[in-house]
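Shown next, in structure tokens, is the structure this report addresses.
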Amino acid sequence: MNTTLESFSSTNAKGPENSNKLLTFRLHGTFAHFNQPISNRFRNTYSIIPKPQLLGIIGSLIGLNGYKNSSTYPEFYSRLSDLKVFIKPNSSANKKFVVTYNSLNSFLNNRVDSGSPNVMINEQIIQDPDYEIGLILNENDPLHAQIIEHIIQNKSVFPIYLGKNEFFANIEYISLNDYEINSEKRVVCSSIFPFDELSKETTRYLKMELLPIDFDEMFKYVYCLMAIPQSETKVELKNPDNCIVSEGSVYYVF
């Protein structure tokens, strides 16, 4: 994963045009489903919110439009794809359950081999999803300033959801602080990070999951094997300067 932080550093600020800050907020809800596009009859969910879905929520907060058709990039992604974020799970409980329901809206109903017009769907649901989110934002950028305003004031142009329309999302502002580029090779990284950033392979206290991190030119997911910290543990990183330090905590931003 290619991440360049130098131009985003608040400590490297050289003038009023560079006013980068780290905005952190809590994103949580009762239920969530971040669909893995593998099967239509058994719908698995990623265990943590992927970055593309997070950018969709931020776009909804400030009124950017979502997906319309396969030939047009959604407005939220065309304007927010360069945003640097960190994603930190607030719980390692990883509570999931499966619901089964009949769907009359699935496109499977139109297939000749689907039999009955009712299609039985098994769907994984995350219970009590809870994340700390960080965004590196320039206070002098009008779009970034709008994001800061909406999160601090807890207001949204469009309703925000955790993967499905019935799973409402809640946002709670935490802080707007300076940050520094990390210089330590061995750190306790609080947020998810690419597995290939580890200089010594270990899975102790880490959960591995293949997550979408971006879109390609055909608007298909680009995946990366990410390490999800399950508790505080020191790791040795190949590129420590891909992390930031704020209020004593280390986060990987991508």
Check: S199 side chain, E236 main-chain N or O, donor-acceptor pair, under 3.5 Å: yes
Please evaluate residues S47 and E209 with respect to the criterion side-chain hydrogen bond (donor to acceptor under 3.5 Å, both in side chains), reporting the C-alpha separation (whole Å), side-chain torsions for both, the decisive distance (0.1 Å), and the verdict. CA-CA 8 Å; S47 63; E209 186 165 344; 2.3 Å; yes
Just by modelled atom types, is the L176 backbone N or O under 3.5 Å from a matching donor or acceptor in the Y173 side chain? yes
Test of ring centre spacing under 6.0 Å for F86 and Y252: no
Check whether any side-chain heavy atom of Q124 lies under 4.5 Å from a side-chain heavy atom of F42, and answer yes or no. yes
Donor-acceptor pair, K88 side chain versus S190 backbone, under 3.5 Å? no
Is there a chain of hydrophobic side chains (I, L, V, M, F, W, Y, each step under 4.5 Å between heavy atoms) that links V98 to F31? no
Check: N140/S19 side-chain N/O donor and acceptor closer than 3.5 Å: yes
Rounded to the nearest 0.5 Å, what separation is found between the NZ atom of K234 and the CZ atom of R204? 14.0 Å
Answer yes or no: is there a donor N or O on one side and an acceptor on the other, between the side chain of H150 and the main chain of L61, under 3.5 Å? yes
To the closest 0.5 Å, what do you measure between CG (L137) and CD1 (I147)? 5.5 Å
Hydrophobic clusters here meaning ILVMFWY residues chained together by side-chain heavy-atom distances under 4.5 Å, can you tell me if V157 and L55 are in one? no
Taking atom NZ of K155 as the centre, does the number of heavy atoms from other residues, nucleotides or ligands within less than 6.0 Å exceed 12? yes
State yes or no: do I58 and I174 share one hydrophobic cluster built from I, L, V, M, F, W and Y residues joined by side-chain heavy-atom distances below 4.5 Å, directly or via other members? no
Quick check: does any side chain N or O of Q230 sit under 3.5 Å from a backbone N or O of Y205, one acting as donor and the other as acceptor? no
Set out, in order, the CA-CA distance, both residues' side-chain angles and the distance that settles side chain to side chain contact (heavy atoms under 4.5 Å, CB included) for T45 and N35, then state yes or no. CA-CA 5 Å; T45 177; N35 191 50; over 6 Å; no
Under 3.5 Å donor-acceptor, S156 side chain and P159 backbone: no
Any donor-acceptor N/O pair, D130 side chain to H28 backbone, under 3.5 Å: no
Test side chain to side chain contact (heavy atoms under 4.5 Å, CB included) on V119 and R41 and set out the steps. CA-CA 8 Å; V119 176; R41 293 181 184 272; 3.7 Å; yes
Angle between ring planes, F219 versus Y67, binned at 30° and 60°: parallel, tilted or perpendicular? parallel
Would you indicate whether the side-chain heavy atoms of I57 and F76 approach each other to under 4.5 Å? no
With rounding to the nearest 0.5 angstrom, report the CG to CD1 distance, L162 to I160. 7.5 Å
Is the backbone N or O of S78 less than 3.5 Å from a side-chain atom of S81, with the two atoms forming a donor-acceptor pair by type? no
Under the side chain to side chain contact (heavy atoms under 4.5 Å, CB included) criterion, do I121 and R43 qualify, and how do the steps go? CA-CA 7 Å; I121 304 292; R43 295 177 177 171; 3.9 Å; yes
Mark yes when over 12 heavy atoms from residues, nucleotides or ligands other than M208 sit less than 6.0 Å from its CE; otherwise mark no. yes
Calculate, to the nearest 0.5 Å, the distance between atoms NE2 and CG belonging to H144 and L80 respectively. 7.5 Å
I'd like to know if I213 and L83 are part of one continuous hydrophobic network [Ile/Leu/Val/Met/Phe/Trp/Tyr, side-chain heavy atoms within less than 4.5 Å]. yes
Separation between NZ (K21) and OG (S246), nearest 0.5 Å, reads 10.0 Å
No-hydrogen, no-angle side-chain donor-acceptor test under 3.5 Å, Y101 and E123: yes
More than 12 foreign heavy atoms under 6.0 Å from CD of E232: is that the case here? no
Working for side-chain hydrogen bond (donor to acceptor under 3.5 Å, both in side chains), residues S175 and T24: CA-CA 5 Å; S175 64; T24 57; 2.7 Å; yes
Walk me through whether E197 and N242 qualify under side-chain hydrogen bond (donor to acceptor under 3.5 Å, both in side chains). CA-CA 9 Å; E197 280 283 348; N242 282 341; 3.0 Å; yes
Looking at K238 and D196, would you say the former's side chain and the latter's main chain have a donor-acceptor pair under 3.5 Å? yes
Do L27 and F168 belong together in a cluster built from hydrophobic side chains that touch within less than 4.5 Å? no
With under 30° as parallel and over 60° as perpendicular, where do the rings of Y46 and Y221 fit, or are they tilted in between? perpendicular
Do N44 and F34 have side-chain heavy atoms sitting under 4.5 Å apart? no
Does any non-hydrogen side-chain atom of L135 lie less than 4.5 Å from one of I151? yes
Please report the C-alpha distance between I87 and F254 in whole Å, then the side-chain angles of each, then the deciding distance to 0.1 Å, and finally whether the side chain to side chain contact (heavy atoms under 4.5 Å, CB included) criterion is met. CA-CA 9 Å; I87 300 173; F254 62 104; 4.1 Å; yes
